[in-house]
2 protein chains.
Amino acid sequence: MSQQRTGGPGNTPGSPDFPDLPEATVARLPEYLRALHALAEAGHDTASSEALAAAAGVNSAKLRKDLSHLGSNGTRGVGYNVDRLIRQIEHVLGLTVLRAVALVGIGNLGHALAGYAGFANRGFHIAALFDADQELVGRLINGLTVRHISDLAATVVEEKIAIGVIATPAHAAQAVADILVTSGVTSILNFAPCVLSVPEGVDVRKVDVAVELQILSFHEHRKAAALTGAVTL
Amino acid sequence: MSQQRTGGPGNTPGSPDFPDLPEATVARLPEYLRALHALAEAGHDTASSEALAAAAGVNSAKLRKDLSHLGSNGTRGVGYNVDRLIRQIEHVLGLTVLRAVALVGIGNLGHALAGYAGFANRGFHIAALFDADQELVGRLINGLTVRHISDLAATVVEEKIAIGVIATPAHAAQAVADILVTSGVTSILNFAPCVLSVPEGVDVRKVDVAVELQILSFHEHRKAAALTGAVTL
DNA sequence: CGCGATTTGTGCACTCGTTCACAAGCGCAT
DNA sequence: ATGCGCTTGTGAACGAGTGCACAAATCGCG
Ligand SMILES: NC(=O)c1ccc[n+]([C@@H]2O[C@H](COP(=O)([O-])OP(=O)(O)OC[C@H]3O[C@@H](n4cnc5c(N)ncnc54)[C@H](O)[C@@H]3O)[C@@H](O)[C@H]2O)c1
Ligand SMILES: NC(=O)c1ccc[n+]([C@@H]2O[C@H](COP(=O)([O-])OP(=O)(O)OC[C@H]3O[C@@H](n4cnc5c(N)ncnc54)[C@H](O)[C@@H]3O)[C@@H](O)[C@H]2O)c1
């Protein structure tokens with residue numbers, strides 16, 4: 001029943017330190033962060049909303065409004081201080097601590113994720129790998145030993161893991177989610193094509209490649225129809 | 001500059017055959033499709049909006065409204081005919097033809113995608129693999145030979161490929177996108193963490209795992225703040 | 001020190017999406 | 001045939017998100 005967005009019990013409408021942002025804004029902050037890192041690397045130490053918006057692929061008015069939600073960070077007539085804004089966004093996203101992640105299901109996709117360098121640069125540390133297959137348990141992947149799923153609970157506590165990634169087949173995903181939640185994980189990223197049911201207070205996000213392709217397919221279909229339609233006109 | 005959503009030139013507001021759906025609805029149809037397949041496999045040949053909504057992880061009113069956009073497909077007092085609805089949604093999404101996909105960048109992630117069985121069941125066929133690395137070119141992966149990126153244009157035409165998937169490092173993604181577009185691809189799924197600039201008429205969708213984790217991180221941070229806040233209260 | 005060029009922050013109008021609540025429609029049992 | 005219970009389809013109210021357009025603020029320069 002319960003799924004995705006879950007407000008806390010008290011549902012703090014906006015603590016002093018924490019301006020509780022619109023969800024759409026939250027979803028774009030990581031993009032801004034990436035764009036800012038790119039600009040910083042390119043030597044800019046200041047960036048206008050126009051420049052930053054272009055780098056992040058959004059409209060500049062939207063970017064300014066988004067940033068205004070985290071307080072005034074820019075200087076009129078000048079733009080935003082790149083380093084300062086990076087720190088600001090990282091603070092808001094809770095990326096000042098390196099977050100430990102558990103990866104469950106070390107198959108095709110799990111292997112790729114385990115070997116992905118892009119996590120470390122973006123605030124995450126894969127702390128442990130799990131699988132149910134005894135063939136895999138004990139194997140070393142990218143410096144980490146695959147552990148049996150039955151060790152998950154202990155490891156989650158030990159390594160202070162709050163985020164779990166599910167890369168198992170769909171039929172196993174709910175069971176894995178239950179284990180994760182029971183072990184104390186409160187955020188899940190699910191690659192299996194299925195709906196997960198989790199208690200309130202646990203956040204779930206889903207990545208489904210086939211869904212993305214199907215959305216593209218729809219637009220392909222529409223474009224083709226528009227074309228043949230134009231011909232018959 | 002131009003990016004994502006691009007209406008056709010004539011911008012058909014809604015052809016007779018094609019009710020041009022709200023984008024939010026389009027994004028959910030694949031979920032409904034998956035849920036329907038699951039129900040069909042479980043032996044149901046009819047499903048109420050309530051049941052289907054639960055299986056797809058949405059609210060039933062939303063589901064009914066979404067489906068009403070593709071015409072009346074249900075029977076009052078009974079529900080939806082599962083098989084009929086599957087066909088209907090597949091038709092709307094343009095999944096009645098098996099769509100050919102080109103995969104570019106056969107590294108860590110590309111390997112996983114190339115070996116993914118989940119595409120075939122959901123309307124897609126990986127028609128060709130490309131990489132710039134001569135070491136990889138010629139290698140056989142899951143029954144497909146990796147070709148050099150310079151062969152892309154010819155292959156796209158030959159195999160009638162309209163969708164490209166980019167799984168190269170970010171610094172190569174724009175160049176690859178340009179090649180894809182020049183070759184005639186009109187839809188791109190981008191796994192590289194960067195913004196792509198494409199001409200109008202080309203659709204781009206992006207999957208960024210780190211972004212998903214960062215959004216989860218935000219909510220983790222918020223949950224933690226709410227908790228410590230409650231303690232000090 | 002004042003002025004013009006520039007860029008932020010935001011009020012406002014608008015579009016898009018969600019949810020409620022219920023009338024209309026359907027099948028079944030009697 | 002008629003009525004009853006169930007479920008769809010949808011009008012209407014609401015809420016979230018977007019984009020425009022401009023006033024307020026800052027800087028550099030003369
Ligand atoms: N391979 C891809 O590129 C890709 C792309 C998109 C989505 N996915 C999805 O990701 C998931 C994994 O895909 P894959 O190709 O890696 O599959 P896979 O079969 O290669 O790997 C699945 C792994 O999960 C393990 N597993 C099974 N049950 C388990 C359990 N109860 N606890 C712990 N581990 C368990 C298996 O031992 C196996 O190692 C699937 O749901 C798939 O649909 C994969
Ligand atoms: N590995 C993951 O799990 C993962 C997860 C999320 C996102 N990503 C993203 O996906 C992309 C690929 O990741 P990866 O881990 O597979 O990297 P990788 O380095 O293992 O593979 C990249 C491949 O792209 C090829 N390539 C480079 N330039 C090319 C060009 N111009 N034309 C064609 N091919 C070219 C390389 O030869 C290599 O084979 C990256 O952008 C990464 O950020 C990866």
Side-chain angles (χ1 to χ4, degrees), chain A residues 1-7 11 13-14 19-29 31-32 35-36 39 44-82 84-85 88-89 215, chain B residues 1-7 11 13-14 19-29 31-32 35-36 39 44-82 84-85 88-89 215:
Chain A
M1 193 104 302
S2 68
Q3 164 81 355
Q4 302 285 91
R5 188 84 11 267
T6 44
N11 196 7
D20 91 318
L21 314 170
E23 194 57 31
T25 296
V26 173
R28 281 187 296 264
L29 289 180
E31 290 297 329
Y32 302 158
L36 283 163
L39 288 172
H44 299 73
D45 46 66
T46 179
S48 72
S49 65
E50 203 69 51
L52 187 48
V58 302
N59 159 318
S60 72
K62 182 147 55 182
L63 178 133
R64 286 200 300 279
K65 184 153 296 192
D66 282 341
L67 294 186
S68 78
H69 283 121
L70 1 152
S72 282
N73 289 292
T75 315
R76 292 157 125 103
V78 178
Y80 298 92
N81 176 311
V82 172
R84 178 161 139 52
L85 194 50
Q88 175 74 15
I89 294 180
I215 295 171
Chain B
M1 195 106 304
S2 67
Q3 164 82 355
Q4 301 286 89
R5 190 82 9 266
T6 43
N11 196 8
D20 93 318
L21 314 170
E23 194 57 30
T25 296
V26 173
R28 282 187 296 264
L29 289 180
E31 289 299 329
Y32 301 159
L36 283 162
L39 287 172
H44 299 71
D45 46 67
T46 178
S48 72
S49 66
E50 204 68 52
L52 186 49
V58 301
N59 161 318
S60 71
K62 183 146 57 182
L63 178 132
R64 285 200 300 278
K65 182 151 293 191
D66 283 340
L67 294 185
S68 78
H69 284 122
L70 359 151
S72 283
N73 289 291
T75 315
R76 291 161 195 253
V78 178
Y80 299 91
N81 177 310
V82 172
R84 179 160 138 51
L85 194 49
Q88 174 75 13
I89 294 180
I215 295 171

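Quick note on labels: first sequence line is chain A, next is B, and so on, each numbered from 1.
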Minimum-distance nucleotide to [X] side chain [options: [options]]:
X	options	answer
A:S68	C:dC26, C:dG9, C:dT19	C:dG9
A:K62	D:dT18, C:dT10, C:dC26	D:dT18
B:T75	C:dC20, D:dT26, C:dG27	C:dG27
A:R76	C:dC26, D:dA24, D:dA21	D:dA24
B:A24	C:dT7, C:dT19, C:dG17	C:dG17
A:A61	D:dC20, D:dT7, D:dG17	D:dC20

Taking only the side-chain nitrogens and oxygens of [X], find out if one of them lies under 4.0 Å from OP1 or OP2 of [N].
X	N	result
A:R28	D:dT18	yes
B:Y80	D:dG9	yes
A:S49	C:dT8	yes
B:S72	D:dG9	yes

Check the distance between [N]'s [atom2] and [X]'s [atom1] and give it to me in whole angstrom.
X	N	atom1	atom2	answer
A:L29	D:dG17	CG	P	13 Å
A:R64	D:dT18	CZ	P	15 Å
B:D66	D:dG9	CG	C1'	13 Å
B:L52	D:dG9	CG	P	12 Å
A:N81	C:dT7	CG	P	16 Å
A:N73	C:dT7	CG	P	18 Å
A:E23	C:dC16	CD	P	22 Å
B:E50	D:dG5	CD	C1'	16 Å

- [ ] Quick one: pull up CD in B:Q88 and CG in B:L29 and give me the separation to the nearest 0.5 Å.
- [x] 9.5 Å

Open item on the list: Once rounded to the nearest 0.5 Å, what's the spacing between atom CG of A:L21 and atom CZ of A:R28?
Closed with: 11.0 Å

Task: pair B:Y32-B:L85: side-chain heavy atoms closer than 4.5 Å - done: no

Open item on the list: Taking B:A51's backbone N and O only, do any of them form a donor-acceptor pair with B:S48's side chain (distance below 3.5 Å, no angle check)?
Closed with: yes

Open item on the list: With a 3.5 Å distance limit and no angle check, can you tell me whether A:T46 reaches the backbone of A:Y80 through a side-chain donor-acceptor pair?
Closed with: yes

Task: A:V78 vs A:K65, nearer the 5' end of DNA chain D by closest nucleotide - done: A:K65

